[in-house]
Amino acid sequence: MRKKIVAGNWKMNKLSEEAVALTSELVNMANDEVQGDVKVILCPPAIYLTTLAKYIADAPNFALAAQNCSDKDSGAFTGEISAGMLQSIGVGYVLIGHSERRQYFGESNALLAAKVDAALSKGISPIFCCGESLDQRQNEDFIGFVKNQITESLFHLSAEQLLSVVIAYEPIWAIGTGLTASAEQAQEMHKALREHLASKYGSAVADDISILYGGSVTAASAAELFAAPDIDGGLVGGASLKSREFTNIIKAR
Ligand code: PGA
């Protein structure tokens, strides 16, 4: 059975005290209000991971993710953080290939394949992000484009390795814009991606991979999105910065 996951991508937001306050509020609210087996993954700026680990220590459904890692093991790469460093502080997940990394830091499908390998080699689960631009949706085979992102960055993995990967479909035109993909649009892509995984790994493996939707998810839109059969949860940006709103999204899963 694939996991239900709600992940919060804080991006480059929150100062230290705010990060602690948000995390403790979320843990308290989830403790009081959230039933069921949803996994909550917080993706704060890496500088806070060690501190926040203490605040989720008694919340078994909570986990932490870094927002990025290097494809290299160690060495003269100023400013970078390796998967081994994340492993050494107990981080279990890492976002790989967020569209902002692809766009502002020029990360290619080939580089992302190497980052996926780096994470998996340290026992860290990649949350692999993919998605098309508005121009691609309007003018190209946009489903083929997203399938190709998965082919080029994930299809070298063994089935066993793939089972440690979470996929997040995030249409670029929906990220931070307030424009959410409709549940039909998201389901169409999620189903196509699951079939794409099945074509290579078989349907038993594909059925076990969690595919999250991201792009302007709010408490108001979450329930309808999460009800779609191939949408296993969400990767939430802006709305994950407010404890009340994010808890309501977790409750919708
Ligand atoms: P958003 O961001 O929810 O603010 O659109 C989602 C993301 O970038 O992961």
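Order of appearance sets the numbers: ligands from 1, and atoms from 1 within every ligand.
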Would you mind listing the cluster partners of Leu235? Hydrophobic ones only (ILVMFWY), side-chain contacts under 4.5 Å, chaining allowed.
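Direct or chained contacts put Leu235 with Ile5, Ile41, Tyr93, Leu95, Ile127, Val166, Leu212.
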Answer with side chain, backbone, both or neither: which part of Ile175 has a heavy atom less than 4.0 angstrom from an atom of ligand 1?
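Both backbone and side chain.
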Part of Ser240 with heavy atoms under 4.0 Å of ligand 1, whether side chain, backbone, both or neither
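For Ser240, there is no contact with ligand 1 at all, from either part.
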With a 4.5 Å cut-off on side-chain heavy atoms, are Lys122 and Leu86 touching?
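No - every pair of side-chain heavy atoms lies 4.5 Å or more apart.
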Do Leu111 and Lys115 have side chains that get closer than 4.5 Å, going by heavy atoms?
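Result yes, sub-4.5 Å side-chain heavy-atom pair found.
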Heavy atom of Gly214, distance to ligand 1 below 4.0 Å:
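Distance cut 4.0 Å: Gly214 fails for ligand 1.
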Compute the minimum heavy-atom distance from Gly215 to ligand 1 and say whether it is under 4.0 Å.
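Heavy atoms of Gly215 do come under 4.0 Å of ligand 1.
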Looking at Glu107 and Leu112, would you say the former's side chain and the latter's main chain have a donor-acceptor pair under 3.5 Å?
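Pair absent, no side-chain N/O of Glu107 close to backbone of Leu112.
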Determine yes or no for a side-chain-to-main-chain donor-acceptor pair under 3.5 angstrom, with Arg101 supplying the side chain and Asn68 the backbone.
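A pair under 3.5 Å: no.
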Please confirm whether Ser216 comes within less than 3.5 Å of ligand 1 when only nitrogen or oxygen atoms on both sides are compared.
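Yes; at least one N/O pair falls below 3.5 Å.
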Output all residues satisfying ring pair (Phe, Tyr, Trp, His ring centres under 6.0 Å) with Tyr169, sequence neighbours left out; order by chain, then residue number.
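With sequence neighbours excluded, Tyr169 shows a ring pair (Phe, Tyr, Trp, His ring centres under 6.0 Å) to His190, given in chain and number order.
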With the threshold set at 4.0 Å, does a side-chain nitrogen-carboxylate oxygen contact exist between Lys72 and Glu80?
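Here Lys72 does not pair with Glu80 in a salt bridge, since their nearest N and O are not under 4.0 Å apart.
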State plainly whether the residues Lys242 and Glu25 are in salt-bridge range, i.e. N to O under 4.0 Å.
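Glu25 and Lys242: not salt-bridged.
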What's the shortest distance from [atom] to any protein heavy atom, and which residue and atom give it?
| atom | value |
| --- | --- |
| atom 4 (O) of ligand 1 | Gly238 N, 2.9 Å |
| atom 7 (C) of ligand 1 | Glu170 OE2, 3.2 Å |
| atom 3 (O) of ligand 1 | Gly237 N, 2.8 Å |

Output the list of atoms in ligand 1 that are nearer than 4.0 Å to some heavy atom of [X], sorted by atom number.
| X | value |
| --- | --- |
| Ala174 | 5 (O) |
| His98 | 7 (C), 8 (O), 9 (O) |
| Lys11 | 2 (O), 7 (C), 8 (O) |
| Asn9 | 9 (O) |
| Gly176 | 1 (P), 4 (O), 5 (O) |

Under a 3.5 Å threshold, yes or no: a donor from one side chain and an acceptor from the other, between Gln149 and Asn109?
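There is no such pair between these side chains.
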